[in-house]
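This report refers to the structure that appears directly beneath it.
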Amino acid sequence: MIIAANLKTNLTRLQTTEYINKIENFLKTKNINQEVLVFPAMTSLNKHVGSVTIGAQNAYATNNGAFTGEIGQDHLNEFGIKTILIGHSERRHVIGETQEMLIEKFNFYKELGYKIVYCIGEPLEIREAGHDKMMEYISKQYEGIDTNYKNLIIAYEPVWAIGTGLTPTLEDIVTIHKKLKEKSHAPLLYGGSVKVTNAAEVLALDGVDGILVGSAALNAEHFCTMVEYAQNLENNK
Ligand code: PGA
């Protein structure tokens, strides 16, 4: 399974190194072979050798150039980073990235062979508008995206569930993941208020190939426990 930590705008460079080291030690001690991804803040990116894959939370669709405040692929390359998160709800709804911008970013990093974790998900008012409206909204987030790309991972994260402690019911997650699997065979993660207390049951659901964890992942022990849940599930299959 794929267990990903989105550290957002948290943890300094030193704290991030300590965090990643804790996870590496845990993976080694417990003999864990799940795919573990960590997305640190930009200035905490660094070269890393180990089982954990480090990814960027964002980068501009460029190698370099005049894009004040952005980083490009040269900067990721410096640290050997080949994984990127695209379309996270905070990029879409807080920063204001449009589907067009995301498509450009997606295509740029796809051409370079990056592993792309592409996020989708609906805001509350769309969910409340009913199932059809919700699927219509989510379908638009697939527009222009190569759903057959071999290094693609999709993360379904309802906007209203991110950082709020709210989650869809387990039945809802199964239903929507089933629909989303019809759109792409890429591994499909669930994200939005996943924590130690609900991770095991979410991971066990049909159509869930992993989780993308924000707030709860900031606690390294909690994140490790979630990784262990995934390992246990695979071992017991
Ligand atoms: P959360 O965030 O776990 O804090 O809800 C998830 C995410 O934003 O990826």
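Indexing begins at 1, ligand by ligand and atom by atom, following the structure's order. All values below were derived from every heavy atom in this structure, side-chain atoms included, with hydrogens, water molecules and symmetry-related copies excluded.
Side chain to side chain, K115 and T53 fail the donor-acceptor criterion of an N or O pair below 3.5 Å. Side-chain atoms of Q57 and R91 include no donor-acceptor pair closer than 3.5 Å. A donor atom on one side chain and an acceptor atom on the other are found under 3.5 Å apart for Y114 and Q73. Side-chain contact check for E97 and H88: no donor-acceptor pair (N or O, by modelled atom type) lies under 3.5 Å.
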Problem - Residues K105, N58; criterion side chain to side chain donor-acceptor pair (under 3.5 Å); working and verdict - result: CA-CA 9 Å; K105 205 172 274 197; N58 178 49; 2.5 Å; yes
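With a 4.0 Å heavy-atom cut-off, ligand 1 is reached by no atom of K195. Contact annotation: for N6 versus ligand 1, heavy atoms closer than 4.0 Å belong to the side chain alone.
A cation-pi arrangement is not found for K47 relative to F79, the charged atom failing to lie both closer than 6.0 Å to the ring centre and inside a 45° cone about the ring normal.
At least one heavy atom of G192 sits under 4.0 Å from some atom of ligand 1. Under the 4.0 angstrom criterion for non-hydrogen atoms, G163 is in contact with ligand 1. Residue contacts with ligand 1 do not include S89, since none of its heavy atoms lies under 4.0 Å from the ligand.
The only member of V208, L189, I176, I173 that meets side chain to side chain contact (heavy atoms under 4.5 Å, CB included) when paired with Y156 is I176.
Looking at ligand 1, you'll find an N or O of G214 within less than 3.5 Å of one of its N or O atoms. Between E90 and ligand 1, not a single N/O pair is under 3.5 Å apart.
Near H88, the atoms of ligand 1 lying under 4.0 angstrom from a non-hydrogen atom of the residue are 7 (C), 8 (O), 9 (O).
Of the protein's non-hydrogen atoms, S215 OG, 2.3 Å is the one closest to atom 4 (O) of ligand 1.
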